[in-house]
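See structure below.
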Amino acid sequence: MVKPVGSLCNLNCTYCYYLHKEGLLRQPQAARMTDEMLERHIRQYIESQTGDEVVFSWQGGEPTLLGIAFFQKVVALQARYKKPFQHIGNDLQTNGTLLDAEWAKFLKEHGFLVGLSCDGPRRLHDRHRVDKGGESTHDRVMAAARLLRQHGVPFNALCVVNRENVKYPLDVYRFLTRELGVRRVQLIACVEPKAFREVAPQHWDPATLPVVGTPQAKPGAPDSAVTDWSVDPDDWGAFLCKVWDDWYGRGDFGKVHVDLFETAVAQSLGMPSQRCVTAEFCGKGLVVEHSGDVFSCDHFVYPEYKVGNISETHWSAMAYGEPQKAFGFAKRDTLPNYCRQCPHLTLCWGECPKNRLVRTPDGEAGLNYLCPGQKRFYAHIQRDMPEIMRRVRLERAGGASNVS
């Protein structure tokens, strides 16, 4: 992922895990990737690829603050450095509030895939996703969606499931798929320890971690380990179960791609995880900041997880270097016994390491905060898996099926 403006953003979302990087990483307020650094990144990234498809992911902060001219340089540099057999793709994660017709034309012309952040209906979206003046952003997001549709720009929804909107699973899911009109939904559980602005993941004191299921392992308690806006683990499980039932029961299976659901189906069929958080290993989601600094992961942008700078070390050397390999394998190798004995291990793999901030019932550190909800969800979907797997196999064999 590329962060060409660092943490700079025109919004002030309550739950944002990245705004504080300005102070943590001592970023200038007008941070932006220089033309020299941009060219270095694009050249090295393309050089590092052996496949025929190279995908650049632009995130922030809010990357559209750089304007169209910056991304015109992006596509020109990509055309200059791409190998003859390669196809270059771009995806852009945005809050949508700065998009206009000129942006939409550019994105369509150059085949960008857009991720549009939306947390559901206005009353839920505006609970946390506000601008610098504390004002609503919902209408601007809806306007961006209409604009993208008008210009034929493919776009997905990224929804942060937090302590508030988690209580309204069907309102959120149906709004995203029926009102916002997307056919691909990414659900992100909002989980942040109270000390996330100062303490890097896995650098907390294990002795202070609460036991799963206790009040301290949920949001809202005075001595809770997480922020007040973090999702409750039990609510997370209930949310996923309700949305799954609507997705599968109302015929959206094969028509609407919900990332957590699709990867659960794929993994149940013995295929690799489609998401890093449910994969056995991680480490493929490195981040380059505007300065050229490279970090192990989007949620591990802390000094402790810096692996180098593209001005000093080539991208490929960092991606396949020993520190990054150790980071990736640690996802599996540090799992507590409680996880290793879980019947859902191969669907979950302990979820994201940045969320492993509670202890197991017998006191072992390193359990994922979301564990109760994850277990409920994976147990819930087992009733539908035999029929889903039958339909998928039938589709693979070329038989008649509703699966697309």
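All of these numbers come straight from a predicted model, not from anything done at the bench.
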Practice problem: Mark yes when over 12 heavy atoms from residues, nucleotides or ligands other than Arg26 sit less than 6.0 Å from its CZ; otherwise mark no. | Solution: no

Exercise. Please say whether more than 12 non-hydrogen atoms of neighbouring residues, nucleotides or ligands are located less than 6.0 Å from NZ in Lys284.
Key: no

Locate the shortest heavy-atom distance separating [X] from [Y]; write the atom from each residue and the value.
{"X": "Leu107", "Y": "Val114", "value": "CD1-CG2, 3.9 Å"}
{"X": "Trp204", "Y": "Lys354", "value": "CH2-O, 3.5 Å"}
{"X": "Ala144", "Y": "Leu99", "value": "CB-CD1, 4.2 Å"}
{"X": "Tyr338", "Y": "Cys371", "value": "CE2-SG, 4.0 Å"}
{"X": "Phe327", "Y": "Gly283", "value": "CD2-CA, 4.0 Å"}

Self-check item: Thr64 and Glu62: CA distance, side-chain angles, deciding distance, side chain to side chain donor-acceptor pair (under 3.5 Å) verdict
Solution: CA-CA 6 Å; Thr64 60; Glu62 175 50 46; 2.5 Å; yes

Quiz item: Just one of Arg163, Lys167, Lys375, Lys218 clears the salt bridge (Lys or Arg N to Asp or Glu O under 4.0 Å) bar with Asp234, so which one?
Solution: Lys218

Quiz item: Between Glu322 and Lys325, does a salt bridge (charged side-chain N to carboxylate O under 4.0 Å, His left out) hold up when you go through it step by step?
Solution: CA-CA 5 Å; Glu322 291 304 318; Lys325 285 196 287 187; 3.0 Å; yes

Going by an N to O cut-off under 4.0 Å, is there a salt bridge joining [X] and [Y]?
{"X": "Glu395", "Y": "Arg391", "answer": "no"}
{"X": "Arg174", "Y": "Asp246", "answer": "yes"}
{"X": "Glu387", "Y": "Arg390", "answer": "yes"}
{"X": "Asp223", "Y": "Lys194", "answer": "no"}
{"X": "Glu39", "Y": "Lys73", "answer": "no"}
{"X": "Lys3", "Y": "Asp298", "answer": "yes"}
{"X": "Asp259", "Y": "Arg184", "answer": "no"}

Distance, nearest 0.5 Å, that separates [atom1] of [X] from [atom2] of [Y]:
{"X": "Lys21", "Y": "Arg197", "atom1": "NZ", "atom2": "CZ", "result": "10.5 Å"}
{"X": "Phe175", "Y": "Asp171", "atom1": "CZ", "atom2": "CG", "result": "10.5 Å"}
{"X": "Leu347", "Y": "Ile381", "atom1": "CG", "atom2": "CD1", "result": "6.0 Å"}
{"X": "Met318", "Y": "Leu286", "atom1": "CE", "atom2": "CG", "result": "8.0 Å"}
{"X": "Phe329", "Y": "Arg332", "atom1": "CZ", "atom2": "CZ", "result": "6.5 Å"}
{"X": "Ser230", "Y": "Phe196", "atom1": "OG", "atom2": "CZ", "result": "8.5 Å"}

Exercise. Classify the side-chain pair Asn156/Asp91 by whether it contains a donor and acceptor separated by less than 3.5 Å.
Key: no

Exercise. Ignoring hydrogens and angles, state whether a donor on the side chain of Ser7 or His20 is under 3.5 Å from an acceptor on the partner side chain.
Key: no

Quiz item: Does NZ or CZ of Arg123 lie under 6.0 Å from the centre of the six-membered ring of Tyr168, at an angle within 45° of the ring axis?
Solution: yes

Quiz item: Hey, mind stepping through Phe56 and Tyr45 against ring pair (Phe, Tyr, Trp, His ring centres under 6.0 Å) and telling me if it holds?
Solution: CA-CA 9 Å; Phe56 289 79; Tyr45 190 63; 4.8 Å; yes

Practice problem: Side-chain contact test, heavy atoms from C-beta onward, threshold under 4.5 Å: evaluate it for Ser291 versus Met37 and give yes or no. | Solution: no

Quiz prompt | Aromatic centroids of His203 and Phe300 separated by under 6.0 Å | solution = no

Quiz item: Are the ring centres of Phe71 and Trp58 closer than 6.0 Å?
Solution: yes

Self-check item: Result of checking Tyr378, Phe253, Phe377 against Phe261 for ring-ring contact (aromatic ring centres under 6.0 Å, His included)
Solution: Phe377

Quiz prompt | Verdict with supporting geometry, Arg383 and Asp245, salt bridge (charged side-chain N to carboxylate O under 4.0 Å, His left out) | solution = CA-CA 11 Å; Arg383 66 181 187 185; Asp245 288 347; 2.6 Å; yes

Quiz item: Which is it for Val288 and Asp293 under the side-chain contact (heavy atoms from CB on, under 4.5 Å) test, yes or no, and what are the steps along the way?
Solution: CA-CA 6 Å; Val288 59; Asp293 286 343; over 6 Å; no

Practice problem: Name the orientation class of the two ring planes belonging to Trp103 and Phe106 (parallel below 30°, tilted from 30 to 60°, perpendicular beyond 60°). | Solution: perpendicular

